[in-house]
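Below: one structure, written as structure tokens.
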Amino acid sequence: MNRAGAAIFDVDGTLTDTNHLHVVAWWEAFRQAGHILPMPDIHRAVGLGSGDLIERLLGADRDREQDAAISDAHKTLYGTYYDRIPAFEGAGDLLRALAERGWSVVLATSASGPELEALRRAVDADDAIGDTASSDDVAEGKPSPEPVQLACELAGVGADQAVFVGDTVWDMEAAARAGVRSVAVLSGGIPRADLEWAGADAVYQDVAELLARLDESPFGRTVS
């Protein structure tokens, strides 16, 4: 079968309902290090890699010797959810539907190791996922275009043959910088206006709506 292109997916907040779990874990990790931060500020930073998230929230003039401890605390706290991470309704069905239509499905996520394994178990669509561009595979995470560019390389397609689905402004910015069309979902809690401002070509409530409207979405073109 000729491939239709690359269907690239963020995971947290897009395929799995985990953004607010990350917020709580980060809030507690910062608190343990002596920083009480507003949860809405943390929420808006979710989707960045750990180092970038810490810098955004604490600033460039912070005590950088705390960074590793904060990141490790977040990882430990978030890890307590691994056995009960919830996937959004339709997440696995969407990936399988795209694979059946000839799309190469690639995950582009800041998760790696046991966290990524837990997310994939929750989505339960390994039969449809062709490859993964994780934080272990890139020098810079989103909003750098590197994860999206790597996903295109793994799928063997150019930027004009790819569509990226995510839930944060960082996802949309990464897609725009990579020259890839982007689809945003509101399931991560980021306002529609912010996602459109960051470059989203289309916005859906969640992956279930995207699946239901697949034919009219950027994925709706006929496989050649």
Side-chain angles (χ1 to χ4, degrees), residues 1-16 46-49 51-52 91-113 115-117 119-120 123 125-185 187-188 190 195-204 207 210-211 213-224:
M1 176 188 293
N2 292 329
R3 307 311 291 177
I8 306 169
F9 282 84
D10 171 63
V11 183
D12 284 302
T14 302
L15 298 174
T16 59
V46 167
L48 294 172
D52 290 334
D93 291 338
L94 173 59
L95 300 191
R96 281 186 286 270
L98 288 168
E100 289 169 2
R101 290 178 177 222
W103 291 84
S104 297
V105 177
V106 183
L107 305 182
T109 174
S110 59
S112 62
E115 179 183 349
L116 179 55
E117 293 172 6
L119 293 170
R120 291 184 66 146
V123 176
D126 277 355
D127 53 320
I129 299 169
D131 222 320
T132 301
S134 77
S135 60
D136 289 337
D137 305 314
V138 296
E140 291 186 75
K142 296 171 282 188
S144 162
E146 189 175 352
V148 181
Q149 291 168 336
L150 176 58
C152 289
E153 291 174 14
L154 291 171
V157 303
D160 61 336
Q161 297 173 288
V163 179
F164 179 65
V165 183
D167 68 296
T168 69
V169 295
W170 321 119
D171 293 328
M172 300 304 104
E173 289 179 8
R177 293 176 184 180
V180 169
R181 290 173 293 167
S182 59
V183 170
V185 288
S187 49
I190 303 302
L195 296 166
E196 291 177 338
W197 178 85
D201 295 297
V203 182
Y204 297 88
V207 288
L210 175 56
L211 175 60
R213 299 174 58 188
L214 200 55
D215 287 337
E216 62 192 73
S217 79
F219 292 107
R221 64 186 176 84
T222 303
V223 178
S224 58

Quick one: are Val165 and Ile8 in side-chain contact, heavy atoms under 4.5 Å?
-> no
Quick check: does any side chain N or O of Lys142 sit under 3.5 Å from a backbone N or O of Ala108, one acting as donor and the other as acceptor?
-> yes
Please assess Thr168 against Asp10 for the test side chain to side chain contact (heavy atoms under 4.5 Å, CB included), listing each intermediate value before the final yes or no.
-> CA-CA 9 Å; Thr168 69; Asp10 171 63; 5.6 Å; no
Any chance you could measure Arg96, atom CZ, to Arg101, atom CZ, to the nearest 0.5 Å?
-> 15.0 Å
Evaluation steps, side-chain hydrogen bond (donor to acceptor under 3.5 Å, both in side chains), between Ser187 and Asp167 = CA-CA 7 Å; Ser187 49; Asp167 68 296; over 6 Å; no
Give a yes or no answer on whether the side chain of Asp201 reaches the backbone of Ser182 with a donor-acceptor pair at less than 3.5 Å.
-> yes
Indicate yes or no for a side-chain donor-acceptor contact from Gln161 to the backbone of Gly158 under 3.5 Å, with no hydrogens or angles considered.
-> yes
For Val46 and Trp170, run side chain to side chain contact (heavy atoms under 4.5 Å, CB included): C-alpha distance rounded to whole Å, both residues' side-chain angles, the deciding distance at 0.1 Å, then the answer.
-> CA-CA 9 Å; Val46 167; Trp170 321 119; over 6 Å; no
Apply the test side chain to side chain contact (heavy atoms under 4.5 Å, CB included) to residues Leu15 and Val207: give CA-CA distance (whole Å), side-chain angles for both, the deciding distance (0.1 Å), then the verdict.
-> CA-CA 7 Å; Leu15 298 174; Val207 288; 4.1 Å; yes
Determine yes or no for a side-chain-to-main-chain donor-acceptor pair under 3.5 angstrom, with Asp52 supplying the side chain and Leu48 the backbone.
-> no
Closest heavy-atom pair and its distance - Phe219, Ala7 = CE2-CB, 3.5 Å
Answer whether the closest heavy-atom distance between the side chains of Leu107 and Arg120 falls below 4.5 Å.
-> yes
Spell out, as yes or no, whether a donor-acceptor pair under 3.5 Å connects the side chain of Ser134 to the backbone of Ser112.
-> no
